[in-house]
Structure formats: structure tokens, C-alpha cells
Amino acid sequence: MILPIYLYGQPILRKIAHDIDQDYPKLKELIDNMFETMYNADGVGLAAPQIGLDIRLFVVDLEPLAEDEPKYNGFKKVFINPQIIEQTGEIISLQEGCLSIPGINENVLREETIRIKYLDENFEEKDEVYSDFFARCIQHEYDHIEGKLFIDKISGIRKQLIKSKLNNMIKGRV
Ligand code: NI
């Protein structure tokens, strides 16, 4: 089932999400729906707050990028209760977009490498290190469960330039 995506201006996107346990109702169905919603919107990542839930859960599938970069092949993952425990390496600027902020793409500075602990869809504990676009995408989604958006990280000048677009989004004119 395709779920409605919450857009910029909606308070859920600014809440710090909380951990869930294995008893969370209909979790498998929720995860399936999140993937379906993400694919339908041509996204490569989707976090629970974007569909109105303040829980620490996000999904990523980099398959659409595999055509140009085979290393992204099969990178379909569910992150439950994640904690980024290390961010290292060079600070890299790369253009990002977000399904909750349609029509806006801006360069964002992020660390090159992260170490993340999380539970997968079977609640198995993982402790992994990711670099380049894997790390980029995970950091973007992770921000969502911390109540942060990529536009928080762009320069004041750039923010000024997109202000009217953002204001229109708040007023529901997208
Ligand atoms: Ni996003």
C-alpha cells in the first residue's frame, strides 16, 4: 500500500523518533509499505517520520543507481533503532533531495564514512561501516529520525534563495 508522504512544514518531521521493539504492530507490513511508497516516489530512502510515524526506522534501496555503479546492486536494507556511533573521513559536498521537500536539490556537506549499529528487519544486531553514497544516504535518512532535514545543513545564502519555495510548501502549495 502506498502511504502519504508528509511534506516540509509538518511537525512530525521535526520530532526525535523513538526506538521500537519486536512487538511493534504490523511491522512487516509497515516495512513493505514503506518500500512500496519509496519506489512509487522514485526515492532511494524513506524514513518513518516521512509517513507520519515518530519511530526509529528507515529503509534504503540503492538499486536504481546500480545501472551506472554495479556496487549498489542489491543494496536493499531496513534500519531499525539505528545509532550512528562514528562519523569520519573527509567532509564531502554532494547534491541531495528529499521526498518530503519536493523540487529542491542542494549541496550538503557530510562525512565520508560512518559506523552504524542497528537492527535489521529480523531484529538481528548489526554493526557496520559504510562510505561514499551508502554513507550519504544513511546519514540523510538518519537525520530524519533525529528530526533534522538536509536543508538545515545548507548555507544561509542558499536557504534564502529557496525560502519562498519552502514557504509555499508550508501553505500546502506544492
Ligand atoms: Ni529525506
Side-chain angles (χ1 to χ4, degrees), residues 1-20 30-66 69 72 75-84 87 91-114 116 118 121 128 130-155 158-159 161-174:
M1 188 173 76
I2 293 164
L3 307 165
I5 294 177
Y6 284 59
L7 298 181
Y8 178 80
Q10 287 171 301
I12 187 78
L13 296 176
R14 291 309 193 178
K15 284 180 82 174
I16 294 175
H18 58 79
D19 283 349
I20 57 169
L30 172 63
I31 290 167
D32 288 346
N33 288 341
M34 283 177 69
F35 275 115
E36 195 183 340
T37 302
M38 181 184 83
Y39 296 140
N40 180 63
D42 291 324
V44 292
L46 186 72
Q50 296 182 275
I51 48 134
L53 297 172
D54 61 340
I55 58 173
R56 297 183 79 83
L57 162 66
F58 61 80
V59 300
V60 172
D61 190 348
L62 299 185
E63 183 70 37
L65 309 171
E69 281 279 358
Y72 299 126
F75 190 88
K76 178 180 177 179
K77 277 180 184 283
V78 177
F79 294 81
I80 297 169
N81 302 344
Q83 290 289 342
I84 290 181
Q87 288 169 296
I91 308 291
I92 294 168
S93 176
L94 203 73
Q95 202 172 70
E96 293 186 21
C98 180
L99 296 178
S100 293
I101 316 174
I104 292 176
N105 294 282
E106 293 291 330
N107 283 324
V108 181
L109 296 169
R110 293 191 191 272
E111 280 86 356
E112 186 182 22
T113 302
I114 58 157
I116 186 167
Y118 66 98
E121 62 275 33
E128 293 169 338
Y130 290 106
S131 291
D132 66 79
F133 199 77
F134 298 111
R136 167 74 45 171
C137 193
I138 291 167
Q139 288 177 92
H140 177 113
E141 298 313 323
Y142 187 83
D143 274 356
H144 276 300
I145 61 171
E146 294 286 320
K148 297 177 196 161
L149 299 168
F150 81 91
I151 50 165
D152 303 342
K153 296 182 186 286
I154 67 178
S155 72
R158 293 301 311 166
K159 210 163 185 177
L161 286 168
I162 62 170
K163 205 174 172 184
S164 66
K165 276 191 191 173
L166 292 175
N167 283 337
N168 282 340
M169 243 174 260
I170 292 174
K171 292 172 194 141
R173 286 187 238 123
V174 187

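We count ligands from 1, going down the list as the structure has it; atoms in each ligand are counted the same way.
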What protein N, O or S atoms come within a distance below 2.8 Å of the Ni ion (ligand 1), ordered by chain and number?
-> C98 SG, H140 NE2, H144 NE2

All ring pair (Phe, Tyr, Trp, His ring centres under 6.0 Å) counterparts of F75, not counting sequence neighbours | Y130, F134

Decide if atom CZ of R158 counts as having more than 12 heavy atoms of other residues, nucleotides or ligands within a radius under 6.0 Å.
-> no

Would you mind reporting whether Q10 and S100 have side-chain heavy atoms less than 4.5 Å apart?
-> no

Crowded around K15 NZ? As in, over 12 foreign heavy atoms under 6.0 Å?
-> no

Using side-chain contact (heavy atoms from CB on, under 4.5 Å) as the criterion, point out the one residue from V44, D61, D132 that pairs with Y72.
-> D132

Do R56 and Y142 come close enough that some side-chain heavy atom pair is under 4.5 Å?
-> yes

